[in-house]
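Reviewing the structure listed below.
Counting starts at 1 for both ligands and their atoms, following the listed order. Heads up: numbering here begins at 1 and tracks the sequence.
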Amino acid sequence: MTMNIAVLPGDGIGPEIIKQALRVLDVLKNEGMDMTFTDAPLGGQAYDQYGHPYPEFTQKICRAADAVLLGAVGGPQYDNLDRPLRPERGLLGIRKDLGLFANLRPAVLYPELANASTLKPEVVAGLDIMIVRELTGDVYFGQPRGMRVNEEGEREGFNTMIYKESEVRRIAHVAFGIAMKRGKKLCSVDKANVLETTEFWKEIVIDVAKEYPEVELSHMYVDNAAMQLIRNPKQFDVMVTGNIFGDILSDEASMLTGSIGMLASASLNETKKGLYEPSHGSAPDIAGKNLANPIATVLSVAMMLRYTFDNEAAAVRIENAIKKVLAAGYRTGDIYEEGMKRVSCSEMGDQIVAAL
Ligand code: NAD
């Protein structure tokens, strides 16, 4: 089966990091893996070419693809555009268009980079957590919402926290499925003592758990989860939670690792089609200087092979190549430490390709 991959380099450092990720995929292609790449613009790049951050041209290519590989979008030159035309709207647009409801955010800290974290090395070295965040529901999208003058004549703002059973079931299945591929431990995060929406969430997760008897399920209130992530993050394997809690906890977890240039992400729909991208932005401050760390993007490629194309062996091979390069002391500026070998974005790509 041909793997059809849409490639959206985007803005800022996007094209530089995507170039290195494609070199890694080229190694696999040259060995016989059947894949095609189709380029399309997103974000500011798309606005410049088509006047829209997610134009029809890109929509068609992304809908037809099995997976989408994205660099990053955004830049100061677009900050004054009308909201619907801003690069970030391109991201919201593609997520909605492809029905990407499951956001996977790994927080992995390689032992070699333990000093990059603000926490003590013994607390974080070897950390390997996967946060599964529901991406299309919850208080971010619930209706009614808005601002109004209430019956007492006072202004107020309001949103609705809401989850349908089908929405909780499908994200729970994704999370249990991932736990099965990893350490078989799943922690569902809620605020069931205060919020009915999440009491309901917990009830459904417990029901879905019956289909995954091998997975050890636990539950934690979100405030405690935020504390435990700092106190003893290695207790977690996979965490699953709703949109707003996941937004906050996944950022918190990513900072345990201290190095934004290392963090991959995936957003999946019901057919396992996925959008794969680094967790960081377009880093306009270092764009075009060959300084960016391409590892988050290369790790996103590993996730693509694992979650959309079910090729665990190829994913592990890429992850091992990165471990090898780090163990050999190669570092881009963002993760550089005294005594290491400082390399550019393209030189980091050279090393990863060589290690493969
Ligand atoms: P950012 O992640 O782009 O940059 C934050 C800091 O981290 C900067 O100092 C940057 O140089 C550094 N950094 C980020 N990625 C790096 C890498 N791979 N290697 C080395 N250093 C790296 O966040 P920001 O500065 O808040 O946002 C810049 C632009 O990116 C904005 O327009 C924002 O809207 C956009 N953005 C896009 C996405 C996305 O595409 N998914 C996500 C976040 C922000």
* Hey, are Asn159 and Tyr140 close enough side-chain-wise for a donor-acceptor pair under 3.5 Å? -> no
* When you check the gap from the basic side-chain N to the acidic O, do Arg148 and Glu154 get nearer than 4.0 Å? -> no
* Structure fact -> protein heavy-atom neighbour closest to atom 3 (O) of ligand 1 works out as Ala283 N, 2.8 Å
* Protein heavy atoms: any of them under 4.0 Å from atom 27 (O) of ligand 1? -> no
* To do: In plain terms, say whether Asp66 and Lys272 are close enough for a salt bridge, that is, a side-chain N and a carboxylate O under 4.0 Å apart.
  => no
* **Close N or O approach (Ser282, ligand 1; < 3.5 Å)** => yes
* **Under-4.0 Å salt bridge between Lys181 and Asp310** => yes
* Asked: Under a 4.0 Å heavy-atom limit, does Leu91 contact ligand 1 with its side chain, its backbone, both, or neither?
  -> side chain
* Any nitrogen or oxygen of Gly71, main chain or side chain, under 3.5 Å from a nitrogen or oxygen of ligand 1? -> no
* Asp79 with Arg86: basic N within carboxylate O range, under 4.0 Å -> no
* Among protein heavy atoms, which sits nearest to atom 9 (O) of ligand 1, and what does the distance come to when rounded to 0.1 Å? -> Asp285 OD2, 3.0 Å
* To do: Can you sort out which atoms of ligand 1 are near Glu277, meaning under 4.0 Å from one of its heavy atoms?
  => 41 (N)
* Test item, Ala292 contacting ligand 1 (heavy atom, 4.0 angstrom) -> yes
* For atom 40 (O) of ligand 1, what is the nearest protein heavy atom, given as residue, atom name and distance? -> Val73 N, 2.9 Å
* Closer than 4.0 Å: a protein non-hydrogen atom to atom 30 (O) of ligand 1 -> yes
* State whether the shortest distance between N or O atoms of Ser279 and N or O atoms of ligand 1 falls below 3.5 angstrom. => no
* Could you tell me which residues satisfy salt bridge (charged side-chain N to carboxylate O under 4.0 Å, His left out) with Glu214, sequence neighbours excluded, listed by chain and number? => Lys184
* **Top protein contact for atom 32 (O) of ligand 1, by heavy-atom distance** => Gly75 N, 3.2 Å
* Presence of salt bridge, Glu319 and Lys323, under 4.0 angstrom -> no
* Of the backbone atoms (N, CA, C, O) and the side-chain heavy atoms from C-beta on, which set of Pro278 has a member under 4.0 Å from an atom of ligand 1: side chain, backbone, both, or neither? -> neither
* Taking the six-membered ring for Trp, are Phe57 and Tyr50 ring centroids under 6.0 Å apart? -> yes
* Asked: What is the closest protein heavy atom to atom 25 (O) of ligand 1, and at what distance does it sit?
  -> Pro284 CD, 4.7 Å
* Indicate yes or no: does an N/O atom of Gly281 lie under 3.5 Å from an N/O atom of ligand 1? => yes
* Structure fact -> If you scan protein heavy atoms around atom 33 (C) of ligand 1, the nearest is Glu88 OE2, 3.6 Å
* Asked: So, Asp34 and Lys29, do they make that salt bridge, N to O below 4.0 Å?
  -> no
* Give the single entry among Ile286, Ile13, Leu70 that approaches atom 21 (N) of ligand 1 most closely by any heavy atom. => Ile286
* Which protein heavy atom lies closest to atom 5 (C) of ligand 1, and at what distance to 0.1 Å? -> Ile260 CD1, 4.9 Å
* Can you tell me the protein heavy atom closest to atom 19 (N) of ligand 1 and the distance? -> Asn293 N, 2.9 Å
* Lys/Arg N to Asp/Glu carboxylate O, Asp251 vs Arg105, below 4.0 Å -> yes
* Structure fact -> Of all heavy-atom pairs linking Asp190 and Phe245, the shortest is C-CE1, 4.0 Å
* To do: Determine, for Glu312 against Arg306, whether the closest basic-nitrogen to carboxylate-oxygen distance falls under 4.0 angstrom.
  => yes
